[in-house]
Asks: 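Below: one structure in structure tokens.
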Amino acid sequence: MVRLWGCRLPLLLLGTLLPAIVLADHSFENTAIVRTVELGGSLVQVTTTYAVKALEDGAQLYRIALGEREHQRTSWLEAKIKGQSAILALEDAGYEPESGMHFYSIELPKPLNLNATTNIVVETVETHATYPWPREASQQDPQSLKYESDLFILSPYKTSVERIKFRSPSPVIHSYTTLEGLDEYNVEIPVTKSGATITYGPYNNVPASATKDFVSHKQYPIAVHYSYDGPVLEVTKLTRAAEISHWGANLNIEDNIHLHNAGPTLKGHFSRLEHQAANFYGRNPPHVLPGLTLHLPSGIHSAYYYDLVGNVSTSRLREAPSLPNRGQGGSYSVLELRPRYPIMGGWNYSFTLGWDSPLEDYAGYDKATGKYVVGIPLMTFIPGAVVDEAEIKVVLPEGAIGVDYIPPLSPVESEVHTHVTYLDTVGRPVIVLRYKHLTHKHAGTIYVTYEVPFSAHLKKPLAVAIAFMSLFVLGFAVKRMDIRIQKK
Ligand SMILES: *[C@@H]1O[C@H](CO)[C@@H](O)[C@H](O)[C@H]1NC(C)=O
Ligand SMILES: *[C@@H]1O[C@H](CO)[C@@H](O)[C@H](O)[C@H]1NC(C)=O
Ligand SMILES: *[C@@H]1O[C@H](CO)[C@@H](O)[C@H](O)[C@H]1NC(C)=O
């Protein structure tokens with residue numbers, strides 16, 4: 001499986017790649033490009049279909065270009081042939097100073113002959129691509145967002161016809177850029193609005209646009225201003241600690257979440273009375289966040305949730321039964337979090353969420369290699385939110401050796417060290433993975449493999465026994481000593 005993650009990384013090579021990047025950009029032409037931008041809050045999904053035609057025999061590397069801003073926003077990118085499920089190998093060809101753009105090379109499943117055609121679908125998820133407009137809102141005001149972009153889709157190849165659609169989640173579109181002077185593209189109506197969809201184009205005979213010259217003379221900035229009824233959430237920092245205990249046959253997961261409501265910042269003071277009244281009539285705007293509903297794994301127990309003030313008892317957990325060695329998906333437990341106060345636009349809320357699971361739901365033992373395999377979910381997904389920074393720590397049993405791991409996507413940073421805690425003798429290996437800009441598309445499982453020598457299995461009970469023994473001996477000694485205050 002080939003998956004590219006985080007275009008912010010300097011270079012990411014995945015899958016099998018052809019030995020050299022063919023720079024010749026006359027190997028293809030686009031017979032059509034259709035882009036659909038699903039406007040959202042923190043996440044914007046962009047799907048671009050390139051109908052391509054080979055202009056020479058053996059054409060196999062198709063290049064796509066991302067402008068500086070587009071590249072900054074793109075947190076996830078995946079290419080497929082239309083109607084197929086296999087993910088195409090993708091190479092980050094890096095920044096090209098002559099054009100001022102970032103290029104990716106997509107490897108087609110097989111070389112195309114002259115005049116052969118195919119349809120490539122490129123899906124991306126953009127994060128931090130919208131902003132509240134107006135920037136401030138009172139407790140009763142609705143929420144609207146703005147998305148800014150460029151009209152023409154950048155491509156190193158010439159394009160016969162192209163069309164860009166913006167789909168808003170609500171039909172309330174306050175404004176969008178209208179255009180004039182596009183006669184050279186033989187366009188009848190430059191832009192049309194129909195319900196919640198705005199369509200730019202079709203534009204005909206667009207020259208190769210991945211050049212500085214095109215961008216500075218022929219590109220048009222466009223913006224869409226739309227009403228958005230969902231919360232705009234950012235997790236500025238997520239710290240996950242997953243602790244594997246063979247002794248207790250338990251997997252404990254604890255998430256430390258710093259949440260930011262990126263909706264319009266609250267104008268004036270927060271009024272609880274006003275909030276309760278609006279709540280009563282079900283009229284709280286989306287930038288007033290009363291709580292969150294999270295999906296946690298099935299089979300969890302002893303869940304806890306606390307914030308800076310302490311235990312929050314207004315949460316509700318509906319537990320789904322345990323499913324040993326389940327695959328991805330399936331059923332899940334639902335946790336409804338209700339902070340002490342609603343989280344208003346611009347506010348932050350930090351909380352800790354933890355639970356225990358039977359280890360057998362996640363772990364397997366490979367008799368052939370004598371190794372344990374444990375699958376740790378990468379993160380708790382908060383619907384619609386981007387996780388700006390994530391640190392995932394997997395704490396292995398004491399004395400584990402031969403530690404190895406396969407992450408679902410390459411981390412920005414990773415390390416393995418040893419951590420010694422209470423009642424540990426030799427310490428526990430800890431795997432730390434760091435990521436940036438995670439979205440729902442990045443959810444996955446970290447597979448950790450390790451061995452636990454038989455002697456290590458005994459260390460914990462031994463350490464506990466010794467600790468108890470010393471307490472007992474101490475207690476005994478204290479009893480024997482006369483430490484009462486002497487009274488004459
Ligand atoms: C490819 O298409 C061009 C233009 O449509 C045509 O002139 C040419 O003969 C075609 N070549 C082959 C090998 O089909
Ligand atoms: C936290 O609140 C829950 C729900 O009321 C309760 O079951 C739990 O015992 C509390 N935990 C602590 C540590 O007070
Ligand atoms: C929220 O947190 C961010 C950084 O995580 C900080 O820059 C910002 O000032 C905080 N906002 C408030 C209202 O505390």
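Note that ligands are numbered from 1 as they come in the structure, with each ligand's atoms numbered from 1 the same way.
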Asks: Any side-chain heavy-atom pair from Leu39 and Tyr228 closer than 4.5 angstrom?
Replies: no
Asks: Mark yes when over 12 heavy atoms from residues, nucleotides or ligands other than Lys80 sit less than 6.0 Å from its NZ; otherwise mark no.
Replies: yes
Asks: Quick one, Phe214 with Phe152, criterion ring-ring contact (aromatic ring centres under 6.0 Å, His included). Give me CA distance, side-chain angles, the key distance, then yes/no.
Replies: CA-CA 10 Å; Phe214 185 95; Phe152 288 109; 5.6 Å; yes
Asks: Under 4.0 Å from any heavy atom of Leu114, which atoms of ligand 1 are there?
Replies: 11 (N), 13 (C)
Asks: If I apply the N/O under 3.5 Å rule, does Lys53 come out as touching ligand 1?
Replies: no
Asks: Is any side-chain N of the basic residue among Arg340 and Asp307 closer than 4.0 Å to the acidic one's carboxylate O?
Replies: yes
Asks: Short list, please: which atoms of ligand 1 are under 4.0 Å from a heavy atom of Asn115?
Replies: 1 (C), 2 (O), 3 (C), 8 (C), 10 (C), 11 (N), 12 (C), 14 (O)
Asks: Given Tyr157 and Tyr62, is the ring-ring contact (aromatic ring centres under 6.0 Å, His included) satisfied, shown in steps?
Replies: CA-CA 10 Å; Tyr157 316 107; Tyr62 181 85; 4.9 Å; yes
Asks: Cationic tip of Arg73 within the cone over Tyr147's six-membered ring, i.e. under 6.0 Å and within 45° of the normal?
Replies: yes
Asks: Can Asp150 and Arg69 be counted as an ion pair, charged N to O under 4.0 angstrom?
Replies: yes
Asks: Please list, by chain and number, the protein residues whose heavy atoms come under 4.0 Å of ligand 3.
Replies: Thr236, Gly346, Asn348
